[in-house]
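Some notes on the structure that comes next.
Just so you know, these numbers come straight off a predicted model, no measurement behind them. So that the names make sense, note that chain A is the first sequence line, chain B the second, and so on, each numbered from 1.
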Amino acid sequence: MSSGSLQGGSTLERIRDGITIALPKGRLLPEVGGLLERAGLPAPGLDDGLLLVERPGGIRYILARPADVVTYVREGAADLGVTGKDILMEHQSSCYELLDLRVGFCRLAVAGVLPPGMDWPAFLRQKGNRLRVATKHPVATRSYFASQGLEPVVITLSGALELAPQVGLADVIVDLVQTGRTLRLNGLQELAEIAPITARLVANPVSLRFKAEAIAAITGALRAVVRGAGEGG
Amino acid sequence: MAWSTAGAAALWEEAAARRWLAAELARVFASWGYRELVTPVTMPWEDVTAGLTGLGEQACKLLAADGGVLALRPDNTLPIARMAAADLALEPRPLRIFYTGDVYRRAGDAFRRPGGAGCVSSPQAGVELVGAAGPQADAEVLALAAESLLALGLDDFRIAVGHVGLLGEILAAAGVDGALRLAVLEALQNRDHVALEAALEAAPGLDGAGREALVRLLTMPAPWAEVRRITGGQGAGQAAREEPVPRSPSVGRLPGAEGGWRDVARILSLLAAYGLEGSVVLEPGLVRDLGYYTGMVFEISCPGLARPLGGGGRYDGLLAQFGAAEPATGFAFELTELLRALAARDLIPRLTVPPRWLVAAEPGCEAAAWERARALRREGAAVELEVAGGTVEKTLEYARRRGVKRVLLCGSGGEREIPAEPGEGEAGPGEGEVRPGHRPGEGEAGPGQGEAGPGEREAAAGRGEREAAP
């Protein structure tokens, strides 16, 4: 039950049985934390050492790697979670995607170095299904190239994708791009955009059924903040 | 106490729990008149893709010896439907069928492992009610699912009810059709509320308030009180036509839009009559994964679990694919999830109990040991026969690890009971007592000690074998 002195009474008052939210560690956390605070929820805190954070009003935060947020929610360890749309695209999940939080803007894109005098469509035509693509997002990559009528060789790496073209492991990479600085530093150019990416709020389906009111309150409060901060409407 | 590693103990218990659960469910299903059918694990590939179920992508394919393509059954309803249409065509309707069987689907991350096409099996138990259309049949399967859980001791479940026709009517009334409707249905199936709202932005007939009302209707479960308000109680009359349809200047009253609402209202009021209204919520936006549903659909969940316990719905078009058009409705429990729910609430009885007796024989006394074990089993005890050979110490150690309390040694001088636990006191009447014919100090068989000679022993053994033969 909610106690007396809480931040943003109305959102928290509707949480009776406790809500666990999995949040992504790393670059997304400060922006997401700000959103939560403006929505009347307690700040998660940025203690890197703490992975499980209890807050007043029955809120628990789990700080996890973005890729693991979906797993926590899917398995019911967390009722709600925040992670990038790119992660959701990789997992065939039974989770409900509730809200676009409109933070963490970036895009999933194809990047690489083209041979001199050739443009990307020509390069694709030349390589066809012999194209080698290194990525952390094999599902989205296969799906994108399938929509182009291609079945390239997809090499799944867990990091440092920019190296792959340099050492001849792959022709191009599919990776998240924000400012493009990392690409430029590694001599790569952005060749095609696959999808714009933002942070999303997801929910476990069973939690959604049993904690519907609390989740609706949190979602509604976040939606108001997101809409208010954006173009409005 | 039996001693096992945690992993091993879990294996024994899991198997026992599955058998117990299947038996309990079979008991409940049978008490409603359902009869069991068994279907083969493999099925023709064409049957999997019949009726556009969407299972083709998830099914595990096999190559038959003659080059034909088979599938491991990804679903129990498909083979049951085929049997109902074919072998059971002449049986009186409605047919009430239940089943217990594993279904096989491709592992979720098949994409990620090159060449990885691993199959995952899930145990299911469920029912099909074939040949009865209408809300009473739907209410029966819903109520049977609920009653099965109540019989197991689960009472905090929730049933979310949707309806394919109702959803269609809601969208039509909101002016959502064509490509937009497909986008909305896909978003609902993917549980993507973001895509849903984005799709509805393009809906021509909806203003802001109408869009919000529609989204709320499609994404929020409505508890019973709300449902009664929406459906106007028993039947769907004026209230149904007016309440849930988002009002907007360009959206008029939709003629004949009551079919889905009327069906749902009737089903829900029947469930209320059965006393189940506290467990039911209406979820008009519920879209189940299988493509063969044509009417009511539902999912059952328990708090604290990650996934639903099971679900089902009406699938009136499926049997036509197998040559005999008939209405049908049913549901299936995912036994893994159900066992999880029961275990979490401590509702699984203790099933793996060690045998009460271990009977060992000295050389030459196998017949006596055998007879003793049989007699004890006839009295209802579980008895193990010592077969490994070896010393009394080894036998006792086995008994301790196995959790057997009472060890009987049949020797030439009769039988005596050896306490399984060293230094254990009186464990009960008869424990440690000397049986008639036994002389103290002559427990162990030893050469020439009160025993028959080799020749006699063999003869005795021969007699024992003849006696032992049933």
Side-chain angles (χ1 to χ4, degrees), chain A residues 17-18 20 70-79 85 88-102 135-143 146 153-156 158 198-213 215-217 219-220 223 226-227 232-233, chain B residues 57-58 105-114 116 156-161 187-198 201 208 211-212 215-216 218-223 226 279-283 285-286 288-289 298-309 311 337 340-341 344:
Chain A
D17 301 317
T20 302
V70 177
T71 308
Y72 279 96
V73 176
R74 188 186 64 224
E75 296 299 318
D79 302 298
K85 178 68 173 168
L88 298 177
M89 286 161 65
E90 285 305 295
H91 289 70
Q92 296 160 323
S93 172
S94 56
C95 296
Y96 280 85
E97 186 178 327
L98 297 182
L99 189 60
D100 182 350
L101 296 172
R102 299 197 196 156
T135 183
K136 285 192 301 201
H137 300 78
V139 176
T141 299
R142 285 203 174 89
S143 170
V153 176
V154 176
I155 298 150
T156 306
S158 50
T198 50
R200 307 294 169 104
L201 179 70
V202 293
N204 174 280
V206 179
S207 300
L208 197 59
R209 251 164 222 153
F210 287 98
K211 302 181 180 180
E213 210 187 289
I215 292 178
T219 310
R223 181 181 282 120
V226 168
R227 296 271 159 84
Chain B
E57 281 179 22
Q58 297 177 62
R105 309 245 173 116
R106 288 177 55 190
D109 60 351
F111 247 148
R112 243 162 288 215
R113 281 175 276 144
D156 55 352
F157 57 87
R158 200 158 290 181
I159 311 178
V161 178
L188 285 173
Q189 181 161 19
N190 292 339
R191 301 171 174 202
D192 189 344
H193 294 178
V194 178
L196 173 66
E197 291 187 41
E201 296 277 319
R211 196 158 44 238
E212 260 191 58
V215 169
R216 198 165 44 244
L218 294 178
T219 59
M220 293 289 302
E226 178 84 0
S279 310
V280 176
V281 290
L282 179 63
E283 260 186 44
L286 178 64
R288 299 217 76 217
D289 281 344
F298 70 100
E299 265 181 21
I300 311 187
S301 311
C302 246
L305 287 186
R307 282 167 276 270
L309 291 174
E337 296 302 321
R340 261 195 207 121

Structural part of B:Pro221 lying under 4.5 Å from a heavy atom of chain A:
side chain
Among residues at least two apart in sequence or on other chains, which ones pass side-chain hydrogen bond (donor to acceptor under 3.5 Å, both in side chains) with A:His137?
A:Asp86
Regarding A:Arg209 and A:Ser207, is there a side-chain donor-to-acceptor distance under 3.5 Å anywhere?
no
Is B:Leu286 in contact with chain A via its backbone, its side chain, both, or neither, using a 4.5 Å heavy-atom distance?
side chain
List in chain and number order the residues that pass side-chain hydrogen bond (donor to acceptor under 3.5 Å, both in side chains) with B:Arg307, two or more places apart in sequence or in another chain; answer none if no residue qualifies.
A:Glu75, B:Glu337
Salt bridge or not for B:Arg288 and B:Glu299, using N-O below 4.0 Å?
yes
With a 4.5 angstrom heavy-atom cut-off, is it the side chain or the backbone of A:Leu99 that approaches chain B, or both, or neither?
backbone
Which bit of A:Asp100 comes within less than 4.5 Å of chain B, counting heavy atoms only: side chain, backbone, both or neither?
both
